[in-house]
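As structure tokens, the structure follows; a few thoughts come after it.
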Amino acid sequence: MTQTELTAAADHGVGMTARRDAWWLQPLLIFIGLTTFGVYAIWAAWQGNNYLYVGHGAYYLSPFYSPDLQAIFGFQPPFSFAFLVLWIPLGFRASCYYYRKAYYRSYMLDPPACAVGEPKNRCYQGERKFPFILQNLHRYFFYLALLLLVSLWYDAIRALFFRGPNGGLQLGLGVGTLVLFFNVITLTAFSFGCNSCRHLIGGQLNCFSCSCTTRTRYKLWRGVSVLNLKHMEWAWVSLFAVGFADLYIRLCAMGIWHDVRLW
Amino acid sequence: MSSRVFKVWRGDKSGGRFVDYQVQAEEGMVVLDAIHQIQRTQAPDLACRWNCKAAKCGSCGAEVNGKPRLMCKTRLDALPPGEVVSVRPMRSFPLIRDLVTDVSWNFQVNQKIPPFTPRPDATWIMQQEDVDRVQEFRKCIECFLCQNVCHVVREHDLKQHFFGPRFFVRIASLQMHPMDGLDRMALLKDQAGLGLCNVTKCCTEVCPEEIHITDNAIIPMKERVVDRYYDPLAWLWRKIRNAR
Ligand code: SF4
Ligand code: SF4
Ligand code: FES
Ligand code: FES
């Protein structure tokens with residue numbers, strides 16, 4: 001029998017833990033993933049150009065610039081108009097319950113991982129005080145995100161129509177169309193798996209079987225719950241999809257990539 | 001049969017240390033078996049709490065290789081082979097001795113929650129879909145691993161202002177019960193400190209009963225608190241409905 005001088009309190013202090021697994025890997029990957037996306041999104045929104053590809057009759061609009069306010073209202077703000085809408089998806093994701101977990105862990109180390117020490121914070125208030133109390137408004141971002149979804153579905157469907165040599169529109173399919181559909185489908189799955197949506201659809205009820213309406217809401221709630229179970233996965237896939245859709249259209253518009261017409 | 005080194009915390013309130021023991025590992029052995037073997041062969045005074053050895057009584061919670069777990073549900077062959085296994089008491093509760101902690105704070109919190117109170121018009125006929133959610137919460141074995149790992153308790157030591165995940169689960173099971181008539185929203189928001197939870201999900205990660213503590217109990221309760229206290233449209237809707 002040997003004795004070692006470790007103490008039970010050995011894991012007090014940031015990053016201190018008795019865990020032996022690679023607990024730091026997940027927060028690190030999330031940090032890299034979110035930072036990369038954040039930097040790219042701000043850069044792309046800042047550009048104010050190459051967000052629309054109209055080569056070979058296609059009409060692909062980057063999701064960062066949807067709806068195309070400039071085309072709709074015909075005005076030219078002194079800054080990239082992407083910023084007029086980008087705060088909606090940004091606020092939606094920033095107040096999403098999954099992303100909260102992700103950035104509280106990866107950026108604020110509060111906690112970095114389970115049973116791992118965190119920085120000393122004598123006045124921890126969680127989500128009870130400003131600014132984090134504003135997370136309670138997440139459902140309002142959900143409502144706004146639904147409006148954006150309508151616009152993104154319009155863009156994806158619009159990308160099915162190509163202008164022919166005679167100026168008329170004809171049905172078609174390009175890789176860009178698929179990219180835009182992938183984007184909007186994953187965003188729809190992410191948005192409808194939202195915890196606020198789950199609550200509003202049926203979670204707030206105590207009796208599902210009490211009336212015709214509650215029975216319908218129960219069915220919808222079950223559907224939303226299926227999406228909600230994989231909300232984290234949808235969060236990442238849709239984040240990648242939206243970034244890639246912008247990149248694809250941008251590179252096509254710059255002439256670096258060439259869109260392939262499939263049909 | 002192979003030999004494995006166990007580093008077991010020995011001590012009490014005044015201090016202690018990890019002590020190394022050799023354990024003869026057999027097939028199918030769990031950490032609690034190893035602790036029993038140590039008691040039988042090397043340290044009869046080693047204190048540990050257990051009852052069922054079937055992951056149902058919730059008494060054998062400890063931290064194995066730094067992770068909160070039930071000792072009777074942690075198989076040795078699920079731990080990295082050949083490595084030393086460390087076992088220490090749950091860190092968030094006062095130590096009594098060795099692997100035994102004083103979990104009475106949890107029972108004190110429990111007493112602050114008004115129990116099931118039937119609605120005056122309760123019919124006592126319930127459909128399965130109305131109680132599915134509550135039944136998930138009834139799986140809780142009160143091991144308090146979630147209370148132990150929650151950083152609000154563990155790191156910020158806010159026991160005075162916070163009920164903890166196990167009791168959010170209990171309140172959710174009462175609030176969602178189709179026959180319960182009591183409102184515990186003010187309790188949740190203020191005394192229970194639901195807002196202190198930052199949904200980082202460690203409670204869900206450690207729950208041996210695999211209850212979706214955060215997604216099915218805490219977040220739905222947060223959303224109900226939003227309905228009541230933070231959502232101006234919900235407030236307006238209530239006013240209109242009450243005026244009708
Ligand atoms: S999700 Fe909330 S209650 Fe659960 S461990 Fe994290 S802070 Fe604690
Ligand atoms: S909710 Fe899970 S982890 Fe928490 S006390 Fe109950 S069984 Fe244990
Ligand atoms: S979008 Fe993730 S919880 Fe609402
Ligand atoms: S001994 Fe009962 S849960 Fe482990």
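As the structure is a computational prediction, the values presented were derived from the model and not from experiment. Naming: A, B, ... by sequence-line order, numbering from 1 per chain. Heavy atoms only: backbone and side chains are in, while hydrogens, waters and symmetry mates are out.
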A:His231: which of A:Phe192, A:Tyr99, A:Phe190, A:Tyr98 passes ring-ring contact (aromatic ring centres under 6.0 Å, His included)
A:Phe190

Carefully, step by step, assess B:Lys189 and B:Tyr229 under the rule side-chain contact (heavy atoms from CB on, under 4.5 Å).
CA-CA 9 Å; B:Lys189 176 176 167 282; B:Tyr229 296 100; 3.4 Å; yes

Looking only at A:His138, A:Lys129, A:Arg139, most heavy-atom pairs under 4.5 Å shared with chain B are made by A:Arg139

NZ/NE/NH1/NH2 to OD/OE distance under 4.0 Å, A:Arg105 and B:Glu205:
yes

Per-residue tally against chain B (heavy atom, under 4.5 Å) across A:Gln125, A:Arg198, A:His199, A:Arg222 peaks at A:His199

Comparing B:Gln175, B:Met179, B:Glu223 against chain A, the one with the most heavy-atom pairs below 4.5 Å turns out to be B:Glu223

Salt bridge check: are B:Arg119 and B:Asp180 linked by an N-O gap of less than 4.0 Å?
no

Chain A contacts, top residue of B:Gln127, B:His156, B:Glu129 (heavy-atom pairs, under 4.5 Å):
B:His156

Can you see whether A:Tyr107 engages A:Thr35 through a side-chain donor-acceptor pair at a distance of less than 3.5 angstrom?
yes

Ranking A:Trp23, A:Phe132, A:Tyr218, A:Phe208 by heavy-atom pairs under 4.5 Å to chain B gives rank one to A:Phe208

Shorter than 4.5 Å, heavy atoms on both sides: which option in A:Lys120, A:Gln135, A:Gln204, A:Arg100 has the most such pairs with chain B?
A:Gln204

So, do A:Tyr140 and A:Tyr143 have ring centers that fall under 6.0 Å from each other?
yes

Can you tell which of B:Val149, B:Ile219, B:Val225 has the highest number of heavy-atom pairs within less than 4.5 Å of chain A?
B:Ile219

Relative to chain A, which segment of B:Val8 carries a heavy atom at a distance below 4.5 Å: side chain, backbone, both, or neither?
neither

